[in-house]
Amino acid sequence: MANHKRLVAEELRSHVIIAADHAGIGLKKYLVPKLVNAGYAVEDVGAVRIDPNDDYPDYAAKVARHVARDDTAVGVLICGTGAGMAMAANKIPFVRAAFCMDEFEAKMSREHNDANIITLRGRRFSKSKAWRVARIFLETPFYGEPRHVRRIKKIAKIEKARKKR
Ligand code: RB5
């Protein structure tokens with residue numbers, strides 16, 4: 001699909017692809033049934049067990065690549081802080097991953113930035129709060145106003161020029 005269509009798509013993504021490393025697996029286990037009960041088609045791509053040696057960029061890449069090629073999908077990534085997952089996922093073209101700690105960030109990152117992945121903090125963060133934040137992210141549409149589309153296009157431009165450094 002053309003990048004432009006991606007930028008102005010206002011329909012909500014109904015297919016959730018979720019992953020976590022060892023530090024996020026507890027929150028992932030809590031969120032998956034909640035997402036299913038809320039009516040989302042959920043694809044859990046790991047981790048399946050706690051392995052302190054697993055690496056968050058592997059999960060970030062898996063989810064980010066999926067979201068980048070599937071406009072019906074939205075990603076949920078969880079690591080200890082939420083920061084590493086965001087850094088790794090945002091290396092994939094067409095991905096706009098937002099690390100959200102509260103409802104305001106979740107709402108704004110959808111309305112203004114058309115974020116297609118939310119990253120959450122698995123450590124020192126209330127699970128019920130994480131669910132509230134994720135839910136707002138998933139339920140909030142992109143505004144699609146020209147100023148927001150223009151700004152997102154500028155992100156894509158930076159992405160294209162990235163290799164130049
Ligand atoms: C793993 O210990 C931790 O570093 C990872 O989950 C994440 O917080 C990185 O950003």
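One-based numbering, in listed order, for ligands and for the atoms of each. Just so it is clear, the values below take in all heavy atoms, side chains as well, and ignore hydrogens, waters and symmetry mates. Just so you know, residue 1 is the first one in the sequence shown, and it goes up from there.
- The distance from ligand 1 to the heavy atoms of Gly84 drops below 4.0 Å at these ligand atoms: 10 (O).
- Salt bridge status for Lys62 with Asp58: absent, with no side-chain N to carboxylate O gap under 4.0 Å.
- At a 4.0 Å cut-off, at least one heavy atom of Arg123 sits close enough to ligand 1 to count as contact.
- Below 3.5 Å of separation, one finds an N or O of Gly80 facing an N or O of ligand 1.
- The part of Asp21 lying near ligand 1 is the side chain, judged by heavy-atom distances below 4.0 Å.
- With a 6.0 Å cutoff to the six-membered ring centre and a 45° limit on the axis angle, Lys28 does not count as a cation-pi contact of Tyr30.
- For ligand 1, the polar-atom distance check finds no N/O of Tyr56 at less than 3.5 Å from any of the ligand's N/O atoms.
- A salt bridge links Lys107 with Glu111: the distance from a Lys NZ or Arg NE/NH1/NH2 to an Asp or Glu carboxylate oxygen falls below 4.0 Å.
- At distances below 3.5 Å, not a single donor-acceptor pair connects side-chain atoms of Arg65 with backbone N or O atoms of Ile92.
- Looking at Asp51 and His22, their side chains never bring a donor and an acceptor atom within 3.5 Å of each other.
- When distances from atom 10 (O) of ligand 1 to the protein are checked, a heavy atom turns up under 4.0 Å.
- The closest approach between a heavy atom of His22 and any atom of ligand 1 is below 4.0 Å.
- Residue-to-ligand polar distances keep Ala23 apart from ligand 1: every N/O pair is separated by 3.5 Å or more.
- The aromatic rings of His148 and Tyr143 are tilted relative to each other, their planes meeting at an angle between 30° and 60°.
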